[in-house]
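So the structure is just underneath, and the comments pick up after that.
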Amino acid sequence: MGIPFRIYNTRTRSVEDFKPTTEGKVGIYVCGMTVYDRCHMGHARAMVVFDAFVRYLRFRGWDVNFVRNFTDVDDKIITRANELGEDPIALSARFIEAFHEDADAMGLIRPDEEPRVSESIDSILQLTQSLIEKGSAYESEGSVWFDVKSFPAYGQLSGQKVDELKSPDVVPGKRHPADFALWKGVKPGEPAWDSPWGPGRPGWHIECSAMAMDCIGHTLDIHGGGLDLVFPHHENEIAQSEAHSDCTYANYWMHNGMLTMSGGQKMGKSLGNVWNVQNALKEFPAECLRLYYLQSLYRSSLPWHDEALPEALGMLCRLYEAREVAESMGGSEDAAQVAKDLGEDAMKVIEIAESFESRFLSALDEDFNTAKAMAVVFELARAINRFANHKKAKKRGGPVVAGALAAFQLVSDTLAILSLDVSAFMEEVKTKRCAAMGLNPEQVSETIAARSQARNDREWATADAIRVDLDEKGVILMDNPDGTTTWRLRITDAS
RNA sequence: GGCGACGUAGGCAAGUGGUAAGCCAGAGGUUUGCAAAACCUCCAUUCACCGGUUCGAAUCCGGUCGUCGCCUCCA
């Protein structure tokens with residue numbers, strides 16, 4: 001069936017009702033990575049956003065065909081391969097493997113299809129041939145160019161006008177500076193495939209059109225990707241696809257915003273400010289990255305800074321702790337009866353839990369507003385904590401928080417946040433933060449045992465000295481009411 | 001030069017015509033052997049600036065200033 005939703009369409013610059021091409025189905029194609037290096041935090045935003053979006057769509061009953069490609073034949077790959085003295089296809093295969101490692105570690109669902117350029121050459125050749133036959137492309141010196149002047153609607157997505165583009169490059173054989181290569185004649189040291197125009201390789205944009213139409217059809221419901229791809233990549237995709245099929249190429253264009261650096265710079269390797277996913281995941285749980293991305297609207301630019309992940313981790317811990325508190329509550333009475341006995345804080349939990357699904361999902365239904373949706377989760381967490389202050393909540397509160405636990409499950413089902421077992425999550429946090437801070441968990445435990453002994457002996461001065469010492473190392477102690485001491489690591493840089 | 005987006009508290013960030021969600025930081029309090037966590041209270045008469053429309057605008061319109069992205073590979 002599919003519950004209706006609205007989504008911002010880059011082409012019309014407005015939020016629109018989504019209308020599927022086929023009842024109940026969503027065909028979505030997302031531009032994946034050009035695989036010549038590891039996935040970094042900027043790429044990861046796109047991956048997480050569309051991963052969550054697809055989960056949400058499926059949860060809402062849509063039959064989703066999710067396709068995300070690998071561009072494994074490309075100038076940058078060839079350049080990198082030549083630098084390393086490696087075969088380009090081998091190099092990209094290596095980074096596809098690395099991407100899958102990172103994607104799995106981030107908890108991303110695998111797309112239904114992950115086409116690669118190197119495995120789609122036939123389709124690319126057919127599409128190119130078709131464009132030549134239709135008069136939209138021309139061959140010149142072993143290369144084939146798309147004739148932008150033959151496509152009047154060129155620029156519909158980005159608002160660009162062909163003749164007003166900046167300092168076009170001068171390439172022999174091109175009729176118009178904005179014409180772009182569908183097929184590039186072979187050059188020494190580059191991979192090549194046979195074609196009717198001689199050996200060569202696909203151009204810059206043709207691969208996505210070929211793969212998308214292969215996997216989904218002439219008309220995609222949604223085409224996604226980073227905002228930086230709007231021009232020329234997506235513009236060119238539209239031109240070549242529509243010139244070929246005479247169908248609308250994509251009904252909705254959904255673009256995620258960029259990660260921006262605090263100084264206004266973009267994350268880039270030359271600046272030495274790239275955090276790749278592999279390294280981030282050594283220090284932070286995967287859901288921490290998800291929360292960082294999903295706490296803002298997917299199409300806004302998102303500032304990256306050193307405290308971004310620590311802050312997200314703090315938020316995530318807050319949510320998990322609230323869930324733990326709720327899960328630890330017992331009792332089997334009627335919820336309404338317990339609430340009546342325990343007062344308005346209990347009523348408040350029930351009230352927020354009851355309206356949760358509606359508020360949370362309607363936020364996602366309106367342009368996938370995860371920021372707004374997550375705010376409701378925090379409201380629920382606070383209500384639980386407040387309720388937990390009641391002495392009888394632990395014994396009798398279970399029925400009261402049942403709805404809240406269902407709400408957390410909903411968050412997990414749609415956004416894949418709060419999807420872990422609480423203790424497993426806490427353990428992961430401890431392991432990763434210890435590694436990040438260079439601490440030995442066993443040593444910490446021994447030190448804490450010594451302090452517990454001092455506390456038993458009521459030697460407060462000794463106990464406090466140990467606390468201060470550990471605190472300086474970033475270890476924060478929590479003395480529980482039952483006499484045990486648990487600990488966690490400082491995550492925001494307050495020191 | 002062209003195209004586009006954005007400018008909401010100390011930082012981040014929702015809100016797109018009806019009187020400012022949420023997170024972090026900060027101050028005070030409850031709790032605690034001391035802490036931590038949690039909870040409570042406080043923290044934007046105001047949404048870059050200037051005009052306009054309206055009973056009413058952060059939200060619509062016009063202008064000004066500023067920031068960013070794209071126009072070359074880019075999530």
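Letters go in sequence order (proteins before strands), and every chain restarts at 1. Atoms considered below: every heavy atom in the structure, side chains included; atoms not considered: hydrogens, waters and symmetry mates.
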Exercise for the section: With P as the reference atom in both, quote the distance from G15(B) to A48(B) in angstrom, rounded to an integer. Expected result: 15 Å
Exercise for the section: Using the C1' atom as the reference point in each nucleotide, state the distance between A9(B) and U45(B) in Å, no decimals. Expected result: 14 Å
Handout entry: Sugar-phosphate only, base, or nothing, as touched by Arg451(A) at under 4.0 Å among non-hydrogen atoms
Key = base
Problem - Donor-acceptor pair under 3.5 Å, Arg45(A) side chain vs A75(B) base - result: no
Fill in the blank from the handout: So the stems of RNA chain B, runs of at least three Watson-Crick or G-U pairs (under 3.5 Å), are B:1-7 with B:65-71, B:10-12 with B:22-24, B:26-30 with B:38-42, B:48-52 with B:60-64
Problem - Lys NZ or Arg CZ of Arg433(A) over Phe284(A) ring: under 6.0 Å, within 45° - result: yes
Practice task
Give one of base, sugar-phosphate or nothing for Ala46(A), where a contact means two heavy atoms less than 4.0 Å apart.
Solution key: sugar-phosphate
Exercise for the section: Give one of base, sugar-phosphate or nothing for Asn389(A), where a contact means two heavy atoms less than 4.0 Å apart. Expected result: sugar-phosphate
Problem - Selection from A75(B), A14(B), G4(B) that lies nearest to any side-chain heavy atom of His43(A) - result: A75(B)
Practice task
Using whole Å, report how far OH of Tyr36(A) lies from C1' of A75(B).
Solution key: 11 Å
Problem - Separation between the C1' atoms of G17(B) and C12(B), rounded to whole Å - result: 27 Å
Exercise for the section: Looking only at side-chain atoms of Asn385(A), point me to the closest of A13(B), A75(B), C39(B). Expected result: C39(B)
Problem - Same-atom distance (P) from G22(B) to C39(B), integer angstrom - result: 13 Å
Practice task
Would you classify Arg386(A) as touching base, sugar-phosphate or nothing, given that sugar-phosphate means primed atoms plus P, OP1 and OP2, and contacts are heavy atoms under 4.0 Å?
Solution key: sugar-phosphate
Completion exercise
Met374(A) CE to A13(B) C1', in whole Å, measures 13 Å
Exercise for the section: Provide, to the nearest angstrom, the distance between the CD atom belonging to Glu311(A) and the P atom belonging to A13(B). Expected result: 11 Å
Exercise for the section: State whether the distance check finds a donor on one side and an acceptor on the other, under 3.5 Å, for side chain Arg458(A) versus base G33(B). Expected result: no
Handout entry: Asn69(A) side chain to Tyr29(A) side chain, donor-acceptor N/O pair below 3.5 angstrom
Key = yes
Practice task
Identify which nucleotide among C12(B), C23(B), A14(B) has an atom closest to any side-chain atom of Met315(A), counting heavy atoms from C-beta outward.
Solution key: C23(B)
Practice task
Report the nucleotide, chosen from C74(B), A37(B), A14(B), that has the shortest atom-to-atom distance to any side-chain atom of His233(A).
Solution key: C74(B)
Exercise for the section: Just call it for Thr486(A): base, sugar-phosphate, or nothing, with non-hydrogen atoms closer than 4.0 Å on any strand. Expected result: nothing
Handout entry: Distance between C1' atoms of U16(B) and C61(B) (Å, rounded)
Key = 14 Å
Practice task
Tell whether Asp479(A) reaches the base of C34(B) with its side chain through a donor-acceptor pair below 3.5 angstrom.
Solution key: yes
Completion exercise
Lys430(A) atom NZ is separated from A36(B) atom P, nearest whole Å, by 18 Å
Exercise for the section: Would you classify Gly155(A) as touching base, sugar-phosphate or nothing, given that sugar-phosphate means primed atoms plus P, OP1 and OP2, and contacts are heavy atoms under 4.0 Å? Expected result: nothing
Practice task
Write down the distance separating the P atoms in C65(B) and C24(B), rounded off to the nearest Å.
Solution key: 39 Å
Practice task
Pick the C1' atom in C47(B) and in C6(B), then give their distance to the nearest Å.
Solution key: 14 Å
Exercise for the section: Would you mind classifying the nucleic acid contact of Ile476(A) as base, sugar-phosphate or nothing, using non-hydrogen atoms under 4.0 angstrom? Expected result: sugar-phosphate
Fill in the blank from the handout: By nearest-heavy-atom nucleotide on RNA chain B, the more 5' of Arg488(A) and Gln160(A) is Gln160(A)
Practice task
Consider only side-chain N and O atoms of Glu16(A) and Thr12(A), and report whether a donor and an acceptor are under 3.5 Å apart.
Solution key: yes
Problem - Any donor-acceptor N or O pair under 3.5 Å, side chains Gln160(A), Tyr154(A) - result: no
Problem - Contact nearer the 5' end of RNA chain B, comparing Gly225(A) with Ser296(A) - result: Ser296(A)
Practice task
Look at Ser300(A) and A14(B) and indicate whether a side-chain polar atom (N or O) is within less than 4.0 Å of OP1 or OP2.
Solution key: yes
Handout entry: Asp163(A)-His176(A) side chain donor-acceptor pair, cut-off 3.5 Å
Key = yes
Problem - Which nucleotide in C70(B), G11(B), G33(B) has an atom nearest any side-chain atom of Phe231(A) - result: C70(B)
Practice task
Check every strand shown and say whether Thr10(A) touches a base, only sugar-phosphate, or nothing at a heavy-atom separation below 4.0 Å.
Solution key: nothing
Handout entry: Centroid separation Phe368(A) to Tyr56(A) less than 6.0 Å
Key = yes
Completion exercise
Rounded to whole Å, the NZ-P distance (Lys372(A) to C23(B)) equals 16 Å
Problem - Integer angstrom distance from the P of U64(B) to that of G11(B) - result: 27 Å
Handout entry: Atom-to-atom span, CZ of Arg490(A) to C1' of A35(B) - whole angstrom
Key = 12 Å
Exercise for the section: Looking at every strand, decide which applies to Asn369(A) at a 4.0 Å heavy-atom threshold: base, sugar-phosphate, or nothing. Expected result: sugar-phosphate
Problem - Separation of A5(B) P from Arg11(A) CZ (nearest whole Å) - result: 16 Å
Exercise for the section: Would you indicate, yes or no, if A36(B) has its OP1 or OP2 atom less than 4.0 angstrom from a side-chain nitrogen or oxygen of Arg467(A)? Expected result: no
Exercise for the section: Indicate, yes or no, whether a donor-acceptor pair under 3.5 Å links the base of C39(B) to the side chain of Arg382(A). Expected result: no
Exercise for the section: Examine Lys184(A) relative to Trp145(A) and say whether NZ or CZ is less than 6.0 Å from the centre of the six-membered ring and inside a 45° cone about the ring axis. Expected result: no
Exercise for the section: Tell me which nucleotide among C34(B), C73(B), C39(B) gets nearest to the side chain of Arg318(A). Expected result: C39(B)
Fill in the blank from the handout: Per side-chain contact (heavy atoms from CB on, under 4.5 Å), Ser92(A) is matched among Thr34(A), Thr71(A), Ile78(A), Val35(A) by Val35(A)
Fill in the blank from the handout: Of A36(B), C73(B), G33(B), the nucleotide closest to the side chain of Met478(A) is A36(B)
Practice task
Classify the side-chain pair Glu235(A)/His205(A) by whether it contains a donor and acceptor separated by less than 3.5 Å.
Solution key: no
Exercise for the section: Starting from C1' on A5(B), measure out to CH2 on Trp253(A) and report it in whole angstrom. Expected result: 18 Å
Problem - Centroid-centroid under 6.0 Å between Phe70(A) and His100(A) rings - result: yes
Handout entry: Of Leu57(A), Asp367(A), Leu364(A), the residue whose pairing with Phe5(A) passes side-chain contact (heavy atoms from CB on, under 4.5 Å)
Key = Leu57(A)
